[in-house]
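Have a look at the structure below before the remarks.
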Amino acid sequence: MPNNNPAGERDLARPPRHIAIILDGNGRWAKKRGLPRTAGHAVGAETFRRIATYCKNIGVEYLTVYAFSTENWRRPEGEVSTIMKLLGKYLHEAIDTMERDHIRMKVFGDLEGLSPELRALVQKTDEISRRYEGFQANICLNYGGRDEILHAARRYAEDYAAGKAEGELTEERFSGYLYSAGIPDPDLLIRPGGEVRISNFLLWQCAYAEFYFTDVLWPDFTPEELDKAIAVFRSRDRRYGGVKNP
Ligand code: FPP
């Protein structure tokens, strides 16, 4: 079974290799201030920038965030279009940062549901990412965990039918069909915003992740909050279904 840390040992000096975050609470943050929900998303995008920079600086290798789910299309049209505009603006600006700091950025999700402009930006960030090896940020966009697994199963079935999938279908091989192919599973999943559920996020990949929930709303999430989550993560005993010192 694929396992980032087969010995199940905690390395107290190192941060988690891969952190996943469900960005939640933007709307409530704005409402509390008498602002439109979209203002919360704008601040949330800045929070993402700050947290991604912090993750890179402390040696986290991968940061994956849930920005827009396959279900989020049900929101009012104005809110959806503002989120899409913000994402476009963010990706556009990120291109310069990626080149300057040698950062990789990927989008996980069903790209066919996105506008041609966003798809072009995703293609560009993919191209740049192939050139570098450092910190990688993954933005889940038009993403659903079940949808990802189905998508992977369909692609595997196509390869199988075409005679391109010889040998046994293992967990490792199946993982290669997910959007996250080649990336280690998240060690720590953080959900700000007070809800205690996974909401169809990285269902396959979070099999052994440690979960951290906080009432802090995403726009208020700071590097200090991330430090708290990492401290809790470090205090956990990860056994991957095994036992320690039997
Ligand atoms: C959840 O808060 C947030 C979203 C559905 C959108 C997140 C999108 C962004 C922050 C835009 C840009 C993102 C990046 C990564 C650049 P909510 O609206 O569900 O909040 P609520 O639960 O308080 O209503």
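Remember, predicted model here, so these are calculated numbers, not experimental data. As the structure lists them, so they are numbered: ligands from 1, and atoms in each ligand from 1. The figures here come from the full heavy-atom set of this structure, side chains too, leaving out hydrogens, waters and symmetry mates.
- Salt bridge Glu93/Lys89: present, at least one basic N to carboxylate O contact under 4.0 Å.
- Every N/O-N/O distance between Ile83 and ligand 1 stays at or above 3.5 Å.
- Here is the list of ligand 1 atoms found below 4.0 Å of a heavy atom in Phe48: 15 (C).
- The side chain of Asn72, and not its backbone, has at least one atom closer than 4.0 Å to an atom of ligand 1 (non-hydrogen atoms only; side chain from C-beta on).
- When non-hydrogen atoms are compared, ligand 1 lies under 4.0 Å from the side chain of Arg37 (C-beta onward) but not from its backbone.
- Only one option out of Glu79, Glu71, Glu77 pairs with Arg75 in a side chain to side chain donor-acceptor pair (under 3.5 Å); it is Glu79.
- Between Arg173 and Glu168, none of the side-chain N atoms (NZ, or NE/NH1/NH2) sits under 4.0 Å from a carboxylate O, so this pair counts as no salt bridge.
- What sits closest to atom 1 (C) of ligand 1 on the protein, heavy atoms only, is Leu23 O, 3.0 Å.
- Contacts between Leu87 and ligand 1 below 4.0 angstrom, taking non-hydrogen atoms only, involve the side chain exclusively.
- No salt bridge links Glu112 with Arg119; every basic N to acidic carboxylate O contact stays at or beyond 4.0 Å.
- Close contacts between ligand 1 and Gly44 involve ligand atoms 10 (C) [criterion: under 4.0 Å to a heavy atom].
- For Arg28, a nitrogen or oxygen atom sits less than 3.5 Å from a nitrogen or oxygen atom of ligand 1, counting backbone and side chain alike.
- Remark: minimum distance from atom 16 (C) of ligand 1 to any protein heavy atom is reached at Tyr90 CG, 3.4 Å.
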### Task
Dump the intermediate steps for ring-ring contact (aromatic ring centres under 6.0 Å, His included) on Tyr62 and Phe135, then the final yes or no.
CA-CA 6 Å; Tyr62 301 91; Phe135 172 76; 8.2 Å; no
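- Residues Trp218 and Phe48 keep their aromatic ring centres 6.0 Å or farther apart.
- Considering OG1 of Thr214 and CZ of Arg191, their distance stands at 12.0 Å, rounded to 0.5 Å.
- Ring geometry for Tyr160 versus Tyr156: interplanar angle of 30 to 60°, hence tilted.
- Ionic pairing of Arg49 and Glu46 is present here: one or more N-O contacts between side-chain nitrogen and carboxylate oxygen are shorter than 4.0 angstrom.
- Close approach of ligand 1 to Ala45 is summarised as follows: ligand atoms under 4.0 Å from at least one heavy atom of the residue are 10 (C), 12 (C).
- In this structure, the protein non-hydrogen atom closest to atom 10 (C) of ligand 1 is Asn26 ND2, 3.4 Å.
- Note on ligand 1: Gly25 sits in its first shell, one or more heavy atoms being nearer than 4.0 Å.
- Considering backbone and side-chain N/O atoms, Arg75 comes within less than 3.5 Å of an N/O atom of ligand 1.
- For atom 11 (C) of ligand 1, the nearest protein heavy atom (residue, atom name, distance) is His41 O, 4.0 Å.
- Checked against a 6.0 Å centroid threshold, the rings of Tyr143 and Tyr66 count as neighbours.
- With hydrogens left out, the protein atom closest to atom 7 (C) of ligand 1 is Ala67 O, 3.3 Å, a heavy atom.
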